[in-house]
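Working notes for the structure below.
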Number of protein chains: 2
Amino acid sequence: MAPLSPPMDHVDRILAQWKQERQDLDVEPMGLLGRLARLRTHLAREIEKALAAHGLNSASFDVLATLRRAGPPYQLSPGDLLATTMVSSGTMTNRLDQLEKAGLIERAHNPEDRRSVIIALTPKGFALVDAAVTTHVENQHRLLEALGTDERAALDGLLRKFLAAFE
Amino acid sequence: MAPLSPPMDHVDRILAQWKQERQDLDVEPMGLLGRLARLRTHLAREIEKALAAHGLNSASFDVLATLRRAGPPYQLSPGDLLATTMVSSGTMTNRLDQLEKAGLIERAHNPEDRRSVIIALTPKGFALVDAAVTTHVENQHRLLEALGTDERAALDGLLRKFLAAFE
DNA sequence: CGCCATTGTCTTGACGTCAAGATAAAATGA
DNA sequence: TCATTTTATCTTGACGTCAAGACAATGGCG
């Protein structure tokens, strides 16, 4: 018996159209990259939903989580936060403005460098992110239920190698 | 000899911090999902760069490419375009407005349904997207160079299965 | 026929992001 | 020392996106 081929999905249909219209192109990479992009959009939307239950989005959660997992005293500079979050400095300023208004972080002067700012998690921010991360991790487990243990390990390994080409 | 373990990457460091700070959480899924998200950001930025050489971004390219690969007469309704692009109707209207201003598409009434609109690629739009897709596909090949043939197939298969859980 | 739910598209207002540049402080080095 | 470069953060203006809802046309159904 021939092995079962998986059913045609949305991305397969796109590739089939290109093969019809532009036979000169080798569109094979478009399949992998298209699936990665679509999957990422679905996952991001699911993650936003889970965080919304705590009044957060993934932008604000990322900042709070970075401060939380840094350990006591839960303080980092905007520059430190930039180094881990893949956003521009203007975006980080905007995120910090909102978190400060919400009382989840505080800005303090750095006595050792007056250009620099110390961002500190408030008790309210700490409590919120600690609750949110619990929900978030549970949600992440749920999102991975479609894959078995071996598949997760294989996928993670391939993503690791691929990602290494860019950072 | 023990097998070589890959070097610690950015995501590994995040996981190590969580393991230190929140030992109650099983953060294993965060590794896979974090790598997927970071990888997608890197890839999206590279793709934007390649399309910018043609004056396009991935938003406008997606619309033009959908019309192009649909085949003659290179016409679809906004609703058809919505069905393949994972954006809201307001986003699509905005994209079409700009493409129309740029002379790359035209809007026409649908004689069979006066609610409906026919979006047609102009000759200028056809020529542009045909050139852009050539560059885009070359760029996609380049982006996948980090992976071998077998790895690409394995990754694509896992992404296909994962994506199937969401659509 | 005429009412009502549905469909297809567009409008509005808000949000998150970025690139480019402004500002101020600190480090460098002649 | 002092001018220059570098670093750290913030500001500005533009862009792409979304959710919610407006609007007109269509299709079903009594």
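These values consider heavy atoms only, across backbone and side chains, with no hydrogens, waters or symmetry-generated copies. Every chain is numbered from 1, with letters handed out A, B, ... down the list of sequences. The shown structure was predicted, so the numbers you read here are calculated from the model rather than taken from an experiment.
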Pairs under 3.5 Å (N/O, protein and nucleotides 21-24 of chain C):
none

Would you tell me if any nitrogen or oxygen in the side chain of Arg45(A) comes within less than 4.0 Å of OP1 or OP2 on dC18(D)? yes
If we ignore angles and hydrogens, is there a donor and acceptor under 3.5 Å between the side chains of Thr91(A) and Asn94(A)? no
Would you mind checking if Arg107(A) and Asp97(A) are paired as a salt bridge, meaning a charged N to carboxylate O distance below 4.0 Å? yes
I want to verify a distance call: between dA25(D), dC10(D), dC18(D), whose nearest atom is closest to the Thr91(B) side chain? dC18(D)
Flag yes if more than 12 heavy atoms outside Glu106(B) fall under 6.0 Å of its CD atom; otherwise flag no. no
Taken to the nearest whole Å, CD/Gln98(B) to P/dA14(D) is 14 Å
For the side chain of Asp113(A), counting heavy atoms from C-beta on, which of dG16(D), dT9(C), dA26(C) is nearest? dA26(C)
Would you work out how much the helix from dC1(C)-dG30(D) to dA30(C)-dT1(D) bends between its ends, with each end axis defined by five base pairs, to 10 degrees? 10°
Given dT7(D), is OP1 or OP2 found less than 4.0 Å from the side-chain N or O atoms of Ser116(A)? no
From CG of Asn94(B) across to P of dC10(C) the rounded distance in Å is 11 Å
Does atom NE2 (His109(A)) have a neighbourhood of more than 12 heavy atoms from anything else shown, all under 6.0 Å? no
If we count only N and O atoms by modelled type, under 3.5 Å, do the side chains of His10(B) and Glu167(A) hold a donor and an acceptor together? no
The correct set of residues in residues 52-79 of chain B placing a heavy atom under 4.0 Å from DNA chain D is Asn57(B), Ala59(B)
So does Arg142(B) pair up with Glu145(B), basic N to acidic O under 4.0 Å? no
Look at the aromatic rings of His136(A) and Phe61(A) and report parallel, tilted or perpendicular, splitting at 30° and 60°. tilted
Among dA19(C), dC10(D), dT17(D), find the nucleotide with the atom closest to the side chain of Ser88(A). dA19(C)
Going by an N to O cut-off under 4.0 Å, is there a salt bridge joining Lys49(B) and Glu46(B)? yes
State plainly whether the residues Asp12(A) and Arg35(A) are in salt-bridge range, i.e. N to O under 4.0 Å. yes
